[in-house]
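Just so it is clear: chains get the letters A, B, ... in the order the sequence lines come, proteins before strands, and each one is counted from 1.
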Amino acid sequence: MSGRYNHKIAESKWQKRWQEANIFKVEKKDNKKKYYVLEMFPYPSGKIHMGHVRNYTLGDVVARYKKMKGYNVFHPMGWDAFGLPAENAAITEKKNPADWTYGNIKYMRNQLKSMGFSIDWDRELATCHPGYYKHEQLFFLKMYESGLAYKKMSEVNWDPVDKTVLANEQVIDGRGWRSGALVVKKNLSQWFLKTSSYSDELLTDLDSLDMWPNKVKIMQSNWIGKSEGAEIIFSLVNNNILEEKNLKVFTTRPDTIFGATFVAISPDHQLANKISKKDSAAKKFIDQIKTMDSEKTKVGYNTKIFIKHPFLDKKIPLFIANFVLMDYGLGAIFGCPAHDQRDLEFALKYDLDVIQVVKSTTSEEKFNKTKSKALLESGVMINSDFLNGLENEKAKKEVLKKLEKEGVGNKKTNYKLRDWGISRQRYWGCPIPILYREDGSVVPVQEKDLPVLLPVLNQNNPSPTTDEVNEWKNTTCPSTGMKAVRETDTFDTFFESSWYFLRYCNPRSEQPFIKKDVNYWLPVDQYIGGIEHAILHLLYSRFFTKALRDLGFVDISEPFKGLFTQGMVTHKTFKNLKGDWVEPSSVLENKEGHLDNSGKKVKVGKIEKMSKSKKNVVNPSSIIDVYGADTARWFMLSDSPPERDLEWTDVGVASAHKFINKIWDTCHKAKNYTNSKNLEKRNKFDNLIKSVSENIEKFHFNKSVANIYEYVNELNKAMNEKKASANNIKNIVRDLCIIIHPFTPHLSEEIWEALGCEDFCANAKWPQITKDNIVNTIELPIQINGKLKGLVSAKKEDKEEFVIKKAKDLPSVNKTLNDKEVIKIIYIPGKILNIVIK
RNA sequence: GGGAGUAUGGCGGAACUGGUAGACGCGCCGGAUUCAAAAUCCGGUCACUUCGGUGGUGUGGGUUCGAUUCCCUCUACUCCUACCA
């Protein structure tokens, strides 16, 4: 052990040894407590980015720490391998999506390995592999059988020039990203999963997820959007154009029923459709709305049809209105302008009556329609017949009673959560195992015929879909022999990511899962990923787990026990005077400002998330090459708390690198240290080890890092001052080696070996701290009137009189006290002594 | 419009359930080493100060022996969501 630490040699050496010794390979061990650490798996886009480095470093700290704490740690890795970029590559690089994807996986796997993550690579999976996706085809068939999967018409973005369906992210300002053509909405029959039938369970189970960030739970709860209210049946009067006699609406404010002055339906409501067939003006209006496209202004069409108020002998007009949404509630509402802002705006525009029915009890102010501000507060009912005088919450119940008694309404709970549309008109995805027979029937592919393999493309199609592969698409029905065509849509790629964490338990099994393994490993103890997946991925995974449970595949109800959402990796940006982004690495700073490499002035931009378009990405591989993986890891963990954004800076990386070398030098010095006297206990070091552990458990890695800095500084001090015996130092260094291991594993192994320790450091036991090693003498602050006057060495068990006496010995205390009258003394053992004087 | 969150030195950030504000790191300053530099090591670093102290955690107030921490007011910024009846 001498000379400079060479990360290039050390890192590849230990990666090789770990692999040869298979130390991260895990199996189920019933006598050992398991710990499942999972980071969100990457999309194989080509190469890893700093976001990945941060994500997997955080997870690796937890995984290595828990292993040293004696857990059977499960830490697998895989690839979210289906998706659009592979198809784009097929277009721009003329590559087969499969070849492109597998090539990227190979490259990125090596990059991840060069980071030294403690992953069980034997469990690696790629979702585009038939061995993976055949199981989700089975799930789909089971869901179809049980009514959980169904088909209905739904809108897609259609590019009329490229003649293709576009994903939302391919529509930019209403135009196709490639053709630039105006995108039109087109109705297609598509597959859906009934996520909505799990709305209530998905909502209530959020309460059990106490190791999830509150923020994420609130976001999911809002997304599910439970609201309680009533359905009310109105009867239609004087209508001679429709067969319908009734119209049902949903409301959360049944108490305001006497303030109803109009009823409105969505342009997509079936009644609107019927009206438009008889009323050409209505049809014109509806067509107009469809081209208006996300306008905020409220427009309506008066159908001249009237509605009877359920409790009054009163007729109110029926409108078709653009602000009524078809996919929430029933697509029909009653408008109470006095107590709903939207209704008020609409009423003022179309000169409809405004009747106040709730009087606020909190604000004195009377409702005033000319201010065009609806009264939303609770209060007491007025102008409301049998409800007058009631609190409006009470009135809700009374109205419901009466509605139910008269058979014109009922209590109803609504959810915003909609069913999950899983059809994608894409090639690079999992084929949906359905046949459409020539007699018109929909036939699920038989289980024995799974998987339905993706056809191989043999042409460089500008936008490939399975629809174009006729020899694949045209087939026969296996039971009748009739002609049939395959479903040519593929699954949304969220389908694959909704169950991969279960598949890791038995990644090569012919069965989708082996229950005893799943029951052992699941749920995931610690899931780590970006906040951008707070809603969709996490909600779909929770839904999928529940659905698989109900189909008998698994026994758990929630997949992720603990969740951590990490912040982004950011970097400064620059723009030249033309407004183009300039790479930070080519910018020089001098007295006159910032210049690019041709000497032209550049403007300093904001600090933003690393992205190719802003040219502010830093390539992990070049960092690993120059500084090493341990430096990259250490930098990722220093300073910034993991949940916040981390700004990438060159000086930050350099200083992380410096510390790696400092640890090495310190340990080197310690190895050659001699001193026979044992002058000091190792209290300080034990205290710091305790802090490092606690901070890892709490995901405060930046604080653990600070503790390690202190530990190394203390170690140097102890050696410089010859304050400890050689044996003492030896133990301190050995413990240092262990506590830095989760952060900088290669360096720690290298020191471990140099110290002559047995086995791998990765297999070592985390130091046990006994209580009596922890310092209980503190420097107790002494205050007078809340102002600090000095410190006194004291133990927690010291008596008040003793501490006061010691305090009075302090000159600063003595002087301030003088002979002033002491009013009160506050003594909190181990915390503070405060003397209150006049 | 609705919801969530943040605000502490030149910078990133510490401060456990109210108890020494600024741990640790960066930067900066000084010193050692060196022919010199880099690297490294040691020390200093909130502001003001008559060297006794005084002020200080976005603003203004409150509770308390004591407030970055709890309560109220205002301001700024960030994120999510959005005509959800």
Side-chain angles (χ1 to χ4, degrees), chain A residues 4 213-219 221-223 225-227 229-230 249-254 256 264 266 294-298 321-336 339-343 345-346 376 414-418 531-532 534-535 567-568 634-635 638-641 643-647 649 651-652 654-656 658-659 661-662 665 669 691 694-695 698 700 702-713 716-717 720 778-792 812 815-816 823-828 830-837:
Chain A
R4 268 180 85 81
N214 239 338
K215 182 169 53 165
V216 175
K217 288 197 277 187
I218 290 166
M219 281 162 81
S221 160
N222 290 340
W223 189 259
K226 181 178 182 172
S227 57
V249 307
F250 174 73
T251 181
T252 54
R253 292 297 303 273
T256 63
S266 162
S294 77
E295 280 280 351
K296 281 255 170 168
T297 51
K298 293 175 180 52
N322 68 336
F323 72 93
V324 182
L325 306 173
M326 192 56 224
D327 46 22
Y328 182 74
L330 296 162
I333 60 150
F334 77 74
C336 174
H339 305 290
D340 183 288
Q341 191 57 36
R342 296 157 301 183
D343 295 348
E345 280 168 34
F346 191 77
L376 306 175
N414 246 315
Y415 296 90
K416 273 199 276 184
L417 182 67
R418 284 181 276 161
I531 188 76
E532 65 274 21
I535 299 174
M568 299 181 295
W634 188 256
F635 173 72
S638 307
D639 290 354
S640 296
E643 68 277 10
R644 284 201 221 167
D645 289 353
L646 170 111
E647 191 198 342
T649 62
V651 280
S655 86
K658 241 163 62 174
F659 187 65
N661 288 319
K662 183 173 175 172
D665 293 341
K669 203 163 98 189
S691 300
E694 285 168 358
N695 285 323
K698 285 187 280 190
H700 296 166
N702 56 318
K703 294 190 219 165
S704 297
V705 163
N707 298 145
I708 292 171
Y709 271 106
E710 270 188 272
Y711 192 101
V712 172
N713 291 343
N716 273 307
K717 214 162 104 188
N720 289 345
I778 63 145
E779 294 297 298
L780 188 85
I782 309 299
Q783 294 182 339
I784 292 176
N785 287 351
K787 293 233 153 78
L788 184 73
K789 290 294 161 190
L791 299 171
V792 147
S812 57
K815 206 171 139 197
T816 317
I823 303 172
K824 200 174 177 184
I825 288 175
I826 291 116
Y827 175 59
I828 317 267
K831 293 265 184 197
I832 206 148
L833 177 76
N834 188 11
I835 302 167
V836 186
I837 58 172

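Counting any heavy atom pair closer than 4.0 Å across all strands shown, Val324(A) reaches a base atom. Across all strands, Ser227(A) comes closer than 4.0 Å only to sugar-phosphate atoms, never to a base (heavy-atom distances).
Across all strands shown, rG56(B) forms no Watson-Crick or G-U wobble pair with both key distances under 3.5 Å. The nucleotide rG1(B) finds its pairing partner in rU81(B), both defining distances of the Watson-Crick or G-U wobble pair being shorter than 3.5 Å. In this structure, rU50(B) forms no base pair with any nucleotide, since neither Watson-Crick nor G-U wobble geometry is met with both distances under 3.5 Å. In this structure, rU75(B) and rA7(B) make a Watson-Crick or G-U wobble pair, each of the two defining distances being under 3.5 angstrom. For rC65(B), the paired nucleotide is rG19(B), the pair qualifying as Watson-Crick or G-U wobble because both relevant distances are below 3.5 Å. In this structure rC28(B) sits in a base pair with rG44(B), meeting the Watson-Crick or G-U test at under 3.5 Å. Nucleotide rA39(B) forms a pair with no other nucleotide shown, judged by Watson-Crick or G-U wobble geometry with both contacts under 3.5 Å.
Residues Asn716(A) and Lys669(A) bring a donor and an acceptor atom of their side chains to less than 3.5 Å of each other. Looking only at atom types and distance, the side chain of Ser691(A) has no donor-acceptor partner in the side chain of Tyr711(A) under 3.5 Å away.
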- [ ] Start with the C-alpha gap between Lys416(A) and Tyr328(A), add the side-chain angles, then the distance that decides, and say whether side chain to side chain contact (heavy atoms under 4.5 Å, CB included) holds.
- [x] CA-CA 6 Å; Lys416(A) 273 199 276 184; Tyr328(A) 182 74; 3.8 Å; yes
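Considering only the side chain of Val836(A), rC65(B) comes nearest among rC80(B), rC65(B), rA39(B).
In this structure, Ile826(A) and Leu833(A) have side chains that are not in contact, with every pair of non-hydrogen atoms separated by 4.5 Å or more. Using a 4.5 Å heavy-atom cutoff, the side chains of Asp343(A) and Phe323(A) are in contact.
Distance Ile708(A) CD1 to rA14(B) C1': 16 Å, rounded to the nearest Å. Whole-Å rounding puts the Ile531(A) CD1 to rC80(B) P distance at 10 Å. Atoms CG (Leu325(A)) and P (rA85(B)) sit 10 Å apart, rounded to a whole Å. When rounded to the nearest whole Å, the span between CG of Asp665(A) and P of rU33(B) equals 20 Å.
Side-chain to base pairing of Lys824(A) with rC65(B): no donor and acceptor N or O lie closer than 3.5 Å to each other.
rG52(B) shows a glycosidic angle within 90° of 0 and is accordingly assigned syn.
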- [ ] Any chance you could list the contact pattern along nucleotides 18-29 of chain B? Use B for base contacts, S for sugar-phosphate-only contacts and - for none, protein heavy atoms under 4.0 Å, 5' to 3'.
- [x] -BB--BSSS---
